[in-house]
Every structure is written in structure tokens, then in C-alpha cells.
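Structure record follows, encoded as C-alpha cells.
In what follows, chains are A, B, ... by sequence order, proteins preceding strands, each numbered from 1. Keep in mind it's a predicted model, so treat the numbers as computed, not measured.
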Amino acid sequence: MSTTASDNNELLKLEPVDKTFRMGEVAVEALRDVSLEVDKAEFLVMVGPSGSGKSTILNIIGGLDSPTAGRVWYCGRELSAFSAAELTRYRRDSVGFVFQFYNLVANLSARENVMVSTEISNDPMDVTEALGLVELEERMDHFPAQMSGGEQQRVAIARALAKNPDLLLCDEPTGALDFATGKRVLRLLVDLKQNLGKTVILITHNGAIAQIADRVIRLRSGQVVEIHANPQPVPPEEITW
Amino acid sequence: MSVLHRKLGRELKNAGGLLFAIVSIVAVGVACYVAMGSAYNNLNEAKRRYYRQCRMADFSIELKKVPLAELAPIAELPGVVEIRPRIDFHATVDLPDVAEPLNGLVLSLPDRRVQEPKKGPGLICAKHPPGRSGKLNLVPFSATIINDIVIRRGGYFTERRKNEVIVNEAFAARHKLVPGDWIHLVLNNRRQELFVVGTAISSEFVYMLGPGAIVPDPEHFGVFYLKQSYAEDVFDFDGAANRVLGRLAPAARDNPYLVLRRAEQLLSPYGVFSTTPLKDQASNNYLSQEIQGLRSFAFFMPTVFLAVAALVLNVLLNRLVEQQRTTVGTLKAMGYSNRQVFIHFLEFGLIVGLAGGLLGCALGYWMAEGMTIQYRRFFEFPELNNHFYPGLQLTGLVISVICAILGSLHGTRLVLKLKPAEAMRPKPPKQGGAVLLERITWLWQRLGSNWRMVLRSIIRNRVRTAVGVFAAAMGASVLVAGFMMADASNYLVDFQFKWILKSDIDLAFKDEHGEDALLEAARLPGVDRAEPTLNVGCTFYNGPYSKKGGITGLARGAKLTVPRDCDARPIRIPSAGLAMSRKLAEILHLQRGDLVTFRPTKGLRKEQRVPVVEISDSYLGTYVYTDIRYLSRLVGEQFAMTGVQLRTDRDPANLAALYGQLKKLPALEAVNTRADMIESLEKTLVDTMWVFIGLLVVFAGIVFFGSILNASLVSLAERQREVATLRVLGYGPWQIGSLLLRESMIVTLIGTAIGMPLGYLLAVGTSMAYDTEMFRFPVVAQTHTWVWTVMLAILFGLLAHLFVQRAIHRMDWLEALNAKE
Ligand SMILES: Nc1ncnc2c1ncn2[C@@H]1O[C@H](COP(=O)(O)OP(=O)(O)O)[C@@H](O)[C@H]1O
Ligand SMILES: [Mg+2]
């Protein structure tokens with residue numbers, strides 16, 4: 001499915017955004033002049049070597065961090081001008097995060113980990129349904145320590161999904177997984193976009209994964225070096241790395 | 001219940017034993033607060049009620065003999081509301097089945113008690129209405145009189161006999177005296193038979209001290225109430241009294257001295273021996289001191305424990321938040337607000353505070369119960385019960401919660417600072433630079449790698465180390481202060497009853513006697529040695545300072561009373577001049593070599609000016625010693641004595657014969673047997689002390705244990721990775737344990753070393769707080785105090801390590817090795 005940018009279909013927009021980290025004397029320029037538009041129900045992959053600023057962009061989009069310069073828009077509202085409380089609301093209602101190391105709460109079961117997310121949501125999914133989407137109903141009462149990495153990542157995806165966000169932000173979701181398991185997780189994410197119409201932004205340092213995207217953004221040293229549309233996304237099952 | 005609460009619940013459960021240790025520290029703090037506060041309220045309330053019930057006198061004047069008619073001006077003094085004249089005498093009691101003669105205090109009470117005051121010539125002078133001077137109503141009886149009694153068994157006097165007696169309850173109980181029994185007292189040199197009509201207690205004798213005693217000894221001392229008319233007859237005191245009790249208007253109570261000085265002037269023709277405001281009344285003084293002491297302890301002890309608890313909690317929560325960095329970040333990324341996450345972590349502390357508080361409240365109530373039961377052994381009240389004080393309990397609970405929250409706040413605040421984006425990034429490693437110690441190369445190079453690890457860890461985790469040192473210091477100071485209390489009481493008993501007073505039996509006569517009385521005493525069966533004593537009551541003056549007291553004359557070369565200086569060295573009894581106790585010299589602002597004026601309260605009452613040639617020390621009373629012949633001459637006699645001290649051969653047969661003879665001596669006012677005194681001291685004071693010390697040891701143990709367990713487990717959790725690596729290198733669990741043990745032992749011993757002098761200072765403070773005329777606390781620390789403190793510190797440390805060792809054995813180090821972080 002290809003997308004054309006039209007105003008009412010636009011979900012996110014970054015107007016040249018800079019991000020500089022200051023650590024005492026040293027300033028690290030993590031992002032420079034990054035402009036970007038993301039459409040609704042788009043599957044976007046950002047690739048770049050480690051340290052190129054991928055996570056920084058994702059954090060800014062997810063409302064975890066704010067840019068040093070430039071503006072960020074979400075559905076026509078200026079994210080970069082949000083107060084702390086508004087950012088919290090935004091994260092709560094609109095964004096689902098999936099992390100490289102899953103970040104499940106160790107002493108909560110799979111079901112309970114998902115509940116952590118549904119309990120603060122206005123419009124949550126049924127917990128069982130969310131776990132059903134990642135095919136883990138059977139393992140609902142297992143604790144993270146009793147599950148494999150792939151299973152844990154699927155719980156994390158269910159957790160992100162369960163509060164029904166429009167935007168799923170995935171930071172190296174397959175980074176800690178083996179090849180086959182990784183592909184399974186990717187399939188899940190592609191399905192979410194295709195079946196539920198979610199916007200997915202996935203970042204990876206693994207160029208092969210870019211093939212599954214609708215659009216690919218390449219980053220190097222905090223700058224966007226290439227954006228190209230991918231009219232024929234490859235199903236995850238067919239890629240190799 | 002939300003999932004976060006489930007998470008919290010599981011964290012609490014996981015923290016298990018550690019949590020219980022911290023909760024215990026909080027609980028001990030709250031328990032001390034609640035227990036001492038309750039005991040304070042119990043005693044204070046019981047005292048207030050009892051004093052009101054008995055109409056406790058605000059002052060008392062002791063004199064030789066005053067006609068009742070001469071008392072009207074006293075009753076009219078501004079500030080005086082009401083007075084009661086009384087006849088008081090010491091007596092010896094002869095109970096058939098008790099070998100030794102017992103001491104008694106005989107007091108007069110109105111013959112009858114009626115509801116309506118009657119007009120007529122009377123015994124009780126009361127102004128109506130109080131405060132208005134002028135018209136004086138003399139009422140013979142009153143429904144309630146000053147220093148009234150509370151009947152426990154039997155009843156008040158009847159009109160059937162003249163010679164009825166009411167016996168104080170404790171003495172009656174010890175000797176199984178019941179209404180209807182007959183007893184014999186030696187009154188005014190005659191053996192009198194008296195019919196017991198009842199037993200009673202009085203607010204005057206809440207803490208009942210016999211002559212020369214420092215703890216109540218109801219077995220050897222009793223109070224006997226006689227009808228006023230009978231007392232007048234038997235003591236030849238028709239229409240006269242030798243004590244005046246009085247009550248003051250509330251405004252005059254704060255400063256009774258003005259009234260007392262006026263009264264003394266007015267009564268001076270009748271030989272005033274002493275004037276005593278309520279504050280200085282023996283029983284009241286002891287009781288008030290105890291109440292006051294509870295108040296300061298109720299503040300001090302909880303502060304120590306709650307401070308330790310808060311700090312220990314701080315270490316734990318810092319660790320908890322640190323450990324859950326990623327979770328904090330994830331929660332925030334998912335849309336949890338700062339407040340929600342903050343409260344989630346704060347709840348951990350809150351629950352510790354609540355649990356500790358509730359446990360402490362219950363424990364405190366129970367401890368107060370124990371303390372109150374203990375107090376009943378010393379203090380006699382109509383009822384002294386433990387009550388539940390909701391306000392106090394609630395305050396305890398609130399204090400513990402506040403403390404726990406304060407302790408958690410520091411760690412929990414990290415949650416707010418933590419930005420989710422940063423929380424996801426691996427934590428920058430702690431700066432692992434060289435510690436200062438490493439600069440001392442010659443030392444560092446000699447240390448093995450294990451010691452280096454231990455020392456680095458101690459130095460790098462500054463806050464944790466500081467908290468551990470503080471907790472150990474507090475624990476050690478509590479131990480030292482407690483042990484020093486025992487040392488002090490042992491020392492005091494030894495000092496007073498083995499070093500100063502070395503006689504076996506002391507006799508006190510009613511009047512002065514000549515040398516023949518000494519010879520007679522020396523001939524008593526079983527007596528090896530007899531030494532005379534002369535007590536002269538007097539007032540000392542030095543410029544603006546004055547003090548009522550007495551001088552004790554001792555024979556030259558006396559061996560049965562040996563005055564000591566503050567280093568416990570014997571002082572030679574001066575052949576001229578006085579050896580004055582330190583406390584009295586302080587009160588009078590006198591130093592060695594100064595001259596002091598004194599005026600005897602009996603006899604010629606001629607003022608004399610004499611030098612203070614020695615300063616003596618003792619922990620009870622304010623004694624002044626001199627040569628008996630010198631003192632006799634000062635009061636215008638060749639040789640006079642008012643008492644004898646005896647050393648016996650301690651042969652039981654002789655002793656029985658001796659007691660038999662003493663019972664027949666009418667001139668005796670009091671008999672004191674040293675062994676009885678020491679026994680009663682040990683029974684009450686020393687037993688209580690051990691209970692108290694036992695509690696302190698348990699409390700200190702909880703502090704040591706809790707803090708060490710916490711520090712070691714936190715350290716273990718932080719260093720999982722390091723521990724796992726060491727395991728891979730071939731270290732066994734015991735070797736790993738030894739690293740942690742060394743760490744905690746160093747911290748504990750440093751803290752103990754700091755805490756021991758603190759405990760000493762605490763004991764010095766306590767001794768300063770208890771520095772009164774009647775009673776002083778020596779500051780003594782025996783070697784075993786230090787040894788025991790260190791040994792207990794090590795013991796508690798090892799005990800805590802046992803749990804740490806168990807945790808090491810159970811640790812899944814393979815998982816720790818593989819886990820990311
Ligand atoms: N909180 C931070 N403080 C300092 N530097 C940071 C911080 N976050 C990221 N950086 C730096 O910004 C750059 C981009 O980091 P990041 O976005 O995490 O890269 P990527 O996700 O592509 O590996 C790196 O050089 C990184 O060191
Ligand atoms: Mg990254």
C-alpha cells in the first residue's frame with residue numbers, strides 16, 4: 001500500500017529539528033536539521049548505524065524528549081510546545097512504545113504487564129484480546145522470567161497495543177531476538193498496520209529490515225541522508241539478514 | 001487494586017525479612033514513644049487524681065512542739081488556704097513472728113470523719129472562704145483532710161476504743177496484718193498495744209521511704225495512723241502538734257518559699273526543724289523525677305530509633321528506585337505521570353511506616369502495661385492502671401509514617417528527576433576512580449585484592465556507609481548507656497553500703513545520750529564493735545545562701561562510717577571543722593577552707609562559725625561529718641550521741657538475741673539492718689534495671705541487625721554482576737560472604753567506636769539530669785561495659801550476616817551473569 005502526503009492524512013511533522021545534548025563542557029549534536037512527515041497508517045523504518053540519532057528522534061516523537069530547536073506537530077497540534085502534563089496525556093492516549101529489551105515489569109505476569117497500560121487508558125482494549133493479537137492468551141499468567149525473548153517482546157507489543165494508540169514506536173524491537181523470532185515480531189507489527197490501521201515507526205540499525213517498510217529514512221550522524229518510498233514492501237517472512 | 005499495587009505487594013513480599021527488620025526499627029521507636037508516653041500519662045494522671053483525693057499538702061513544717069492555739073496566724077498568712085496540725089513520731093514495731101524490731105512512723109489523724117464540719121474547739125483550722133483573711137473557722141473534723149488516707153481494708157477509727165490504729169497497706173500485707181489484729185508499738189518509751197481497725201494508703205507515701213532507705217522496703221517500714229486524741233495522750237501533746245501541713249492558693253504554689261519563710265519566723269519560738277515545700281517532699285520528689293525522666297526519654301529514645309529507621313529506609317529506597325530505573329522510564333513512556341510514579345514508590349515507605357507504626361503502637365501499649373506493673377512495685381496508688389491513649393497512639397502512628405516518608409523521599413525523588421529517555425539508556429558506570437586510601441601506597445600495596453574490593457566498596461558507597469556507621473553508633477550508644485546505668489547502680493550500692501557505711505546494724509535514739517549508752521550497746525549480744533554517732537539538725541548559712549541539713553558526729557578513727565572523696569578515697573574525720581558533701585557545698589557556694597555558719601535546730605540553737613576542711617562525696621543525701629566530741633562541744637555538751645553503729649559477729653543465734661534485746665529498748669527510734677537494706681535495693685532497683693537493660697539490648701540489637709542486613713543485602717543486589725563474575729572465577733558462596741561480612745564488620749565497628757563515647761556522654765547527661773539533693777547518679781563505666789558492647793555489636797553483625805549468607809547461597813548467579821543491565 002502506498003501513501004501520498006495529503007494534509008488531512010498527515011499524522012506527524014518535524015520542522016527542521018535540532019537536538020544537542022550538553023554534558024558539562026561537551027555538547028553532542030545528536031540531530032541536525034531533521035525534517036520529516038509521517039502519514040496515518042504508514043509503516044516507517046528508520047535505519048542508521050548505532051549513534052546516528054534514531055532513538056533521539058523516536059524519543060522526541062514519543063514525547064519523551066523535546067528538541068533543542070525546531071518544531072514537532074502531531075495531528076496539527078504543536079507537540080514541541082506541550083506542557084509536561086500535556087506530554088503525559090499524549091503518551092498515555094496516542095503512543096505505544098516497544099523497546100529493544102522489552103522492559104517488562106519482572107514481578108508482574110504477562111496479563112498484569114498489559115494491565116499496567118490498560119489501567120491508565122481511556123479507551124483500552126480487552127487485555128485478553130490484546131494478548132490474543134500477539135497469540136499469547138495461553139501464557140497470560142506467566143512471568144517474564146518464564147518466557148523467551150520473543151514472547152516477552154510480544155507481551156510488550158500487546159502492552160503497547162492495549163491502550164489503542166494511533167502511533168506505535170518501536171526502538172530496535174528485534175535487536176535482542178534471533179532471526180526467526182525477530183521475523184515473527186515484524187509480521188505482527190506489519191499486521192497491526194494492515195489490519196488495525198496503526199502508524200508504525202520502527203528503528204533499526206539492520207538495513208535488511210528496511211524492505212518491509214512503506215517508506216525508509218536513512219540517518220547518519222544525526223542527519224537524514226535519504227528518504228525513499230518503497231511501493232512494494234516485502235513481507236517479513238521473505239527477508240533475510 | 002491496581003496492578004501497580006500488586007507490583008508493590010510483590011516487592012514488599014520479596015523484601016521479606018529485610019522489610020521486617022526495618023519495620024521492627026520503626027516499631028521500636030514508636031513503641032518507646034507510646035510506652036513512655038503512656039507510662040507518663042498513667043503516672044501523671046494517677047498522681048493528680050491521688051493528690052486531689054487525699055488533698056496533698058503543699059508544704060509541711062516540722063517543729064518541736066507548738067500549741068494549736070498559736071497556729072491561727074499561720075492559717076491567716078496570705079496564700080495559705082488551709083492548715084492541719086499533726087503529731088508525727090518515729091517508733092519501733094514489735095511483731096511477734098519477726099525477729100528484728102521494725103521501723104514505724106506514727107501519724108495522728110482526726111478521731112472521727114464526718115460529712116458536715118462542726119463548730120467547736122478543733123484540730124483543723126480552715127479559712128472560709130479560702131483566701132479571705134480575718135475570720136477563722138475552727139472545725140474539729142472534716143470530710144476530707146489534708147494528707148488524707150484511702151482505706152483499703154477495714155474502716156476508719158470507731159468510738160469503741162482509744163487505742164485504734166490504721167496500718168499502711170503494704171506493711172500490713174507483708175506481715176499479714178488484718179483488721180481485728182493487735183500489734184505492739186513502742187510509743188514515747190512505753191510499749192503500747194493497739195487494735196488494727198483498717199489498712200490504708202496515702203498520697204504522702206506513694207514512694208514510701210523508711211529512715212535511711214533509698215528504695216521502699218515495706219517489710220521493714222510501716223506507717224501507723226493513730227487517733228488524734230490518743231496521740232495527744234500518749235505523747236503528752238495535749239492541744240499541741242509537732243507538724244503543720246498546709247495547702248496553698250494556686251498562685252502561691254509556684255513559689256511557696258515566701259510563705260514558708262514567714263511561717264518559720266512566726267513559729268520560731270516553737271523550734272522549727274524544717275520547712276518542706278511539696279517539691280522537696282521525699283515521695284513527691286522521687287515520683288516527679290520519674291515522671292520527668294519518662295518525659296525526656298519519651299522524646300530521646302524514639303528520636304534515635306526513628307532517625308535510624310528513616311536513614312535505613314533511605315538506603316533501601318535509593319536502591320529500589322535505582323534498580324527500577326527502566327521500569328520508571330517505561331511507566332513514564334507509557335503515559336504515567338510523574339506524580340503517579342512518585343506515589344507508587346512512596347507507598348513503599350508509607351507501608352513500612354504504617355506497619356511499623358501499628359506494630360509499635362501495639363508493642364508500646366504492651367510495654368506500657370509492663371512498665372506500669374513495674375511501677376506498682378515502687379509506687380503505691382489507689383489504682384495505677386495502663387490506659388489506651390488514642391491521641392498518643394495516633395501521634396505515634398503519624399510520627400512513624402512521617403519518618404518513613406521522609407526516609408523514602410530522597411530515594412523516591414530520583415523518580416522525578418529520571419527522564420524516561422535517559423532511563424532507557426544504560427546507566428553510566430559509577431565513577432570507579434581510585435579512592436583516597438589508594439594514595440597511601442605502602443598500605444594499599446600490602447592489601448590483598450579482597451581487602452581492596454572491600455575497602456573500595458565501603459569508600460565509594462559513602463551514603464550507605466555513613467548510614468551504617470550512624471546506626472551502629474546509635475545502637476552502641478544505647479548499649480553503653482544502658483550498661484553504664486547498671487554499673488552506676490552497682491557502684492552506688494557498693495559506695496554507699498560497703499565503702500561509706502560499713503556497719504551491720506544502725507540504731508537511732510529518740511534523744512541524746514551519754515557515753516554509757518555506747519557501753520551498753522557494746523555489751524549487746526554478738527556485737528564486735530560499737531561506734532557512737534551524733535546527729536545535729538541545723539541550718540547552714542553562707543552569705544545569701546542557706547540550706548537546712550544536719551551534721552553527723554563520728555568517733556575519731558571511726559571504722560563503721562568512712563566518708564569518701566569523689567575518687568572514693570577515705571577522708572580523715574576532721575577533729576575541728578566539717579567534711580561537707582559536694583552537693584551541699586555547691587548549694588551553699590562553699591569551697592574547702594571557707595567558713596560556714598550553722599544554727600542547730602534543737603537545744604541552745606546558738607549560731608556557730610566553723611571551717612569546711614574537707615569536701616566529701618556521696619550519691620545519697622547531703623551529709624556533713626565531723627568529730628563527735630567537737631560537735632558535742634559546739635552544741636554545748638561534753639559528749640552526746642543520738643545513735644550507735646554496730647558490727648556484729650553475724651552468728652544467727654547472737655543476732656536473734658540481739659534483736660530480742662533491741663525490741664525491749666524503749667529509747668530506740670529506728671533500727672536499720674544493712675543486709676535488709678541491700679536486699680530490698682537489689683530486689684527492686686537491680687531487678688528492674690535488668691529488665692530495662694534487657695529491653696535496651698533487644699532494641700539496640702534490632703538497630704544493629706536491621707541496618708547491617710539492609711546494607712549487606714542492598715550491596716549484594718547492586719553487585720550481582722560482580723558476584724556472578726567472582727563465582728565464575730571460582731569463588732564459593734562463603735568467600736563471597738566473607739567479602740560482605742568484612743564490609744559490614746568494618747562499618748559496624750567504626751560505628752560502635754563512635755557510639756561508645758556517645759553512650760558515655762549520654763550517661764553523663766543522665767547523671768547531670770538526676771543530680772538532686774536526695775539522689776545522684778555516678779558516671780561509672782566498667783571494662784565489661786565496653787567489652788560487652790563490642791561483643792554484642794559483633795554478635796548482631798554475625799547474626800545479620802547469617803541471613804545475608806543465606807541470600808548468597810540462594811542467589812541465581814548464572815541468571816545475573818546473563819541478564820542485561
Ligand atoms: N541523554 C543523552 N546525553 C548525552 N548524549 C546523548 C544522550 N542521548 C543520546 N546521546 C547521544 O546522541 C547521539 C545519538 O544517540 P541515539 O539517538 O541513542 O543513537 P541511536 O539510537 O541511533 O544509536 C549519540 O552520540 C549519543 O551518545
Ligand atoms: Mg538507539
Side-chain angles (χ1 to χ4, degrees), chain A residues 19 21 23 30 55-66 84-109 111-122 127 143-145 149 156 159-160 162-163 165 169 171-172 175-176, chain B residues 1-16 19 320-321 323-345 348 415-428 431 717 720 811-812 814-821:
Chain A
K19 178 73 187 178
F21 291 105
M23 305 197 303
S55 294
T56 307
I57 295 188
L58 206 68
N59 288 342
I60 289 174
I61 292 174
L64 296 182
D65 214 341
S66 47
E86 284 170 322
L87 278 177
T88 302
R89 271 234 81 79
Y90 164 69
R91 292 199 297 267
R92 184 180 298 181
D93 298 336
S94 314
V95 187
F97 272 99
V98 177
F99 306 96
Q100 177 176 3
F101 295 109
Y102 342 125
N103 294 3
L104 298 180
V105 178
N107 59 13
L108 294 181
S109 66
R111 184 219 304 263
E112 287 163 341
N113 263 290
V114 177
M115 281 166 69
V116 170
S117 144
T118 56
E119 275 182 1
I120 51 159
S121 170
N122 283 334
V127 175
F143 285 85
R159 179 177 67 181
K163 53 181 184 172
L169 303 178
D171 192 342
E172 311 253 9
Chain B
M1 203 172 63
S2 78
V3 237
L4 284 193
H5 285 124
R6 278 193 225 174
K7 165 176 175 287
L8 180 64
R10 286 178 199 152
E11 273 154 14
L12 291 168
K13 218 177 93 194
N14 276 346
L19 205 67
L320 195 74
V321 170
Q323 196 174 22
Q324 299 196 15
R325 263 171 75 86
T326 334
T327 304
V328 171
T330 309
L331 288 175
K332 286 189 182 180
M334 277 162 51
Y336 279 82
S337 67
N338 266 338
R339 203 171 56 90
Q340 283 171 312
V341 184
F342 180 70
I343 288 176
H344 170 62
F345 280 91
F348 191 98
V415 166
L416 297 181
K417 279 197 270 173
L418 200 61
K419 293 222 183 68
E422 270 166 46
M424 301 313 166
R425 302 171 61 81
K427 204 186 171 213
Q431 89 268 38
Q720 285 203 1
M811 191 171 145
D812 188 349
L814 261 179
E815 193 195 6
L817 196 63
N818 295 330
K820 62 114 208 175
E821 204 184 345

If you measure from CG on Asn59(A) to NZ on Lys419(B), what distance do you get to the nearest 0.5 Å? 11.5 Å
Just verifying a value: how many Å separate Lys163(A) NZ and Met334(B) CE, rounded to the nearest 0.5 Å? 5.5 Å
Interface moiety of Arg159(A) toward chain B, non-hydrogen atoms closer than 4.5 Å: side chain
To the nearest 0.5 angstrom, please state how far the CG atom of Leu64(A) sits from the NZ atom of Lys332(B). 10.0 Å
Between Arg10(B) and Leu108(A), does the side-chain contact (heavy atoms from CB on, under 4.5 Å) criterion hold? Intermediate values first, please. CA-CA 8 Å; Arg10(B) 286 178 199 152; Leu108(A) 294 181; 3.5 Å; yes
Is a side-chain N or O of Lys7(B) found less than 3.5 angstrom from the main chain of Val116(A), in a donor-acceptor match? no
If I measure from the heavy atoms of chain A, does Gln340(B) come under 4.5 Å with its side chain, its backbone, both, or neither? side chain
For the atom pair CG (Leu331(B)) and CG (Asn103(A)), what is the distance rounded to the nearest 0.5 Å? 10.0 Å
Is a side-chain N or O of Glu119(A) found less than 3.5 angstrom from the main chain of Ser2(B), in a donor-acceptor match? no
Highest number of heavy-atom pairs under 4.5 Å with chain A: which of Ser337(B), Gly329(B), Ala421(B), Ala333(B)? Ala333(B)
Can you tell which of Thr88(A), Ile120(A), Leu169(A) has the highest number of heavy-atom pairs within less than 4.5 Å of chain B? Ile120(A)
Thr327(B) versus chain A, heavy atoms under 4.5 Å apart: side chain, backbone, both or neither? side chain
